Amino acid sequence: MADNVKKLIANTFLEMAEGLESGNFMEKPKIALTGMGSEHGEENAMSAAIEAAKSGIDVYYIGTLEAEGVTTVKVANEDEGHKKMEELLDKKEVDGAVTMHFPFPIGVSTVGRTQTPAKGKSMYVATTTGTSSADRIEGMIKNSIYGIIAAKATGIKNPTVGILNVDGARQTEIALKQLKEGGYDINFAESKRADGGLVMRGNDVLMGTPDVMVCDSLSGNILIKMLSSFNTGGSFEATGDGYGPGIGENYDKLVMIISRASGAPVIAGAIKYAAELVRGKVFDIAHKEFAAANKAGLADILKARKAAEGKKDSDDEEVEAPKREVVTFQIAGIEIMDLEDGVKALWKKGIYAESGMGCTGPIILVSEAKAEDAEKELRSAGFIQ
């Protein structure tokens, strides 16, 4: 029997075995990888391509190197490689691509995936590159949905969602709870710290408390970089699956981002992550999730938030503090950027208040006797949930 026939039979049986193991008999995902531009050289990228190809993925390596089991698309330089990648995507000759940079439109940002050090648990970081919105908090609200889409597309049926304790976390929390009240199915995580809550601390990052960690893209970018290279001194990203796919409403191009510092293990992980998203029909899931969020009132929530923000920005009059009182009651859950505005809002109602910082973040201090009225006023003005 000819060697090429033997090889064809062997490959056929291998694909059948992979299908039996995964329960998925669809064609192998075709994933392109641009190999030029890495700080670690083309050999690093090709090593990742070879490793990923062993997982039942058709890898199209765009560069100058060749290897058995990988399809090489020859290009002369990095710019030519990116043009070829976009051509393959536009012609649907590949299902997705992994690359070191890509000009996503506003409204699209990437959901990274990493393995957290405390328990080796996978955690989706939403998001890590790109811009979901020019407005920070609106972006974080959208990032929550993006993270859920990525997690569901890779097999997590009901992912838990936590919000990193950064500027905008509390306003994002309020909006997501409103979205849930409107009917959007969102499963909130609980911090492992004693005081709980869905706002995640640094400990939760290390433990991977939520399946989806929501944050702004800049914070997410730092998280991915640190978690992927904390054992290597920062120059070689060795852990995780990269910065993830660009996700946005009505966006249907699967482009995965890695870094110029990404090592072969991370690049291989990104290729496998892309294949999971293809098999999980990520864009079908995205369509369903956006439809559900919009039905639950996402647009109205974002509109109301902007209106409230505009009202706060325009309200810059001087307010005199009421007579000083002993303040021992702590009201948590207010955004750091809204802290002084919240205090002034209470002063206008004749309630003496002071700002402070508790162990879980910013707080407003009022007297025990006026605690109920103060919370009611802050809630009515949209400062707390």
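Note that the structure is a prediction, hence the values are computed from the model and not measured.
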Q) Is there a donor-acceptor contact under 3.5 Å from the side chain of K180 to the main chain of I186? A) yes

Q.
Please determine whether side chain to side chain contact (heavy atoms under 4.5 Å, CB included) holds for the pair L164 and L223, giving the CA-CA distance in whole Å, both sets of side-chain angles, and the decisive distance to 0.1 Å.
A. CA-CA 10 Å; L164 187 65; L223 282 185; 3.9 Å; yes

Q: Find the distance between OG (S355) and CD1 (I364) and round it off to the nearest 0.5 Å.
A: 7.5 Å

**Q.** Nearest heavy atoms of A67 and M46, plus distance in Å
**A.** CB-SD, 3.8 Å

Q. If you measure from the Lys or Arg side-chain nitrogens to the Asp or Glu carboxylate oxygens, is any gap between K83 and E86 under 4.0 Å?
A. no

Q | Salt bridge present between K349 and D373 (N-O < 4.0 angstrom) | A | no

Q: Would you indicate whether the side-chain heavy atoms of M200 and V205 approach each other to under 4.5 Å?
A: no

Q) For I257 and T99, what are the C-alpha separation, side-chain angles and deciding distance, and is it a side chain to side chain contact (heavy atoms under 4.5 Å, CB included)? A) CA-CA 5 Å; I257 298 299; T99 190; 4.1 Å; yes

Q: Considering non-hydrogen atoms only, spot the tightest contact between D95 and K28 and give its length.
A: OD2-O, 4.2 Å

(Q) The test is side-chain hydrogen bond (donor to acceptor under 3.5 Å, both in side chains); show your working for E78 and T34 and say whether it passes. (A) CA-CA 8 Å; E78 187 179 352; T34 59; over 6 Å; no

Q: State, yes or no, whether a side-chain contact exists between K192 and D204 at a heavy-atom distance under 4.5 Å.
A: yes

(Q) If you count every heavy atom of other residues, nucleotides or ligands that lies below 6.0 Å from E93 atom CD, does the total exceed 12? (A) yes

Q. Under 4.5 Å between any side-chain heavy atoms of Y184 and I148, yes or no?
A. yes

(Q) Looking at K177 and E181, is any side-chain nitrogen of the basic one under 4.0 Å from a carboxylate oxygen of the acidic one? (A) no

Q) Out of curiosity, does I149 fall in the hydrophobic cluster containing L298 (side-chain heavy atoms, cut-off under 4.5 Å, transitive links)? A) yes

Q: Locate the shortest heavy-atom distance separating C215 from V125; write the atom from each residue and the value.
A: SG-CG1, 3.9 Å

Q) For T328 and E368, does a side-chain donor sit closer than 3.5 Å to a side-chain acceptor? A) yes

Q: Check whether any side-chain heavy atom of K370 lies under 4.5 Å from a side-chain heavy atom of L346, and answer yes or no.
A: no

Q) Considering only heavy atoms from C-beta outward, does the side chain of N221 approach that of K225 to under 4.5 Å? A) yes

Q) Crowded around H40 NE2? As in, over 12 foreign heavy atoms under 6.0 Å? A) yes

Q: Check A153 against I285 and note the closest heavy-atom contact, atom names and distance.
A: CA-CD1, 3.4 Å

Q | Sidechain-backbone polar pair: N294 side chain, A299 backbone, donor-acceptor under 3.5 Å | A | no

Q) Could you give the distance from CZ (F188) to CD1 (I163), rounded to the nearest 0.5 Å? A) 6.5 Å

Q: Check for a donor-acceptor pair, side chain of T116 on one end and backbone N or O of K121 on the other, with a separation under 3.5 Å.
A: yes

Q) Is there a path from V75 to V94 through hydrophobic residues (I, L, V, M, F, W, Y) whose side chains come within less than 4.5 Å of each other? A) yes

(Q) Just verifying a value: how many Å separate I247 CD1 and T127 OG1, rounded to the nearest 0.5 Å? (A) 9.5 Å

Q | Exam field: side chain S55 to backbone I57, donor-acceptor pair closer than 3.5 Å | A | no

Q: Mark yes or no for whether S228, through its side chain, and E237, through its backbone, hold a donor-acceptor pair below 3.5 Å.
A: no

**Q.** Short side-chain to backbone donor-acceptor contact, R260 and G37, under 3.5 Å
**A.** yes

Q: Go through D338 and Q171 one step at a time and tell me if the side chain to side chain contact (heavy atoms under 4.5 Å, CB included) criterion holds.
A: CA-CA 9 Å; D338 293 336; Q171 291 296 322; 3.0 Å; yes

Q.
Do E51 and I267 have side chains that approach each other closer than 4.5 Å (heavy atoms only, starting at C-beta)?
A. no

Q | Pair E276 + R279, salt bridge at N-O below 4.0 Å | A | no

Q.
What I'd like to find out is whether the side chain of R324 reaches to under 4.5 Å of the side chain of Y352, using heavy atoms alone.
A. yes

Q: For E138 and S132, test the side chains for any donor-to-acceptor distance below 3.5 angstrom and give the result as yes or no.
A: no

Q: Using the rule that two of Ile, Leu, Val, Met, Phe, Trp, Tyr join whenever any of their side-chain heavy atoms come within less than 4.5 Å, decide whether V98 and F236 are in one cluster.
A: no

Q) Just wondering, do E80 and M36 contact through their side chains at under 4.5 Å, heavy atoms? A) no

Q: Might you confirm whether atom NZ of K74 has over 12 heavy atoms from other residues, nucleotides or ligands at distances under 6.0 Å?
A: yes

Q. What heavy-atom pair brings A189 and G162 nearest, and what distance separates the two atoms?
A. CB-N, 4.2 Å

Q.
Would N187 and T160 count as a side-chain hydrogen bond (donor to acceptor under 3.5 Å, both in side chains) here? Give the steps.
A. CA-CA 5 Å; N187 182 20; T160 57; 5.5 Å; no

Q | Worked verdict on R379 versus I331 for side chain to side chain contact (heavy atoms under 4.5 Å, CB included) | A | CA-CA 11 Å; R379 193 171 292 111; I331 302 175; over 6 Å; no

**Q.** Shared hydrophobic cluster, V319 / I351 (ILVMFWY, side-chain heavy atoms < 4.5 Å)
**A.** yes

Q. Would you call R201-D195 a salt bridge at under 4.0 Å N-O?
A. yes

(Q) Once rounded to the nearest 0.5 Å, what's the spacing between atom NZ of K91 and atom CG of L89? (A) 12.0 Å

(Q) Is there a path of hydrophobic side-chain contacts, each under 4.5 Å between heavy atoms of I/L/V/M/F/W/Y residues, joining M207 to V166? (A) no

Q | L365 backbone acceptor or donor facing Q330 side chain under 3.5 Å | A | no

(Q) Less than 3.5 Å apart, any donor N or O on the side chain of Y146 or E289 sitting next to an acceptor on the other? (A) no

Q.
Students often mix this up, so state it plainly: with edges at 30° and 60°, are the rings of F104 and Y251 parallel, tilted or perpendicular?
A. perpendicular

Q. Can you name the nearest heavy-atom pair linking S38 to N44, along with the distance?
A. OG-ND2, 3.8 Å

Q. Can any side-chain N or O of S262 pair as donor or acceptor with the backbone N or O of V266 at less than 3.5 Å?
A. no

**Q.** Donor-acceptor contact below 3.5 Å, side chain T131 vs main chain I106
**A.** no

Q. Donor-acceptor pair, E190 side chain versus G197 backbone, under 3.5 Å?
A. yes

(Q) If I take atom CG from residue D241 and atom OG from residue S122, how far apart are they, to the nearest 0.5 angstrom? (A) 6.5 Å

Q. If you round to the nearest 0.5 Å, how far is CH2 of W347 from CD of E340?
A. 7.5 Å

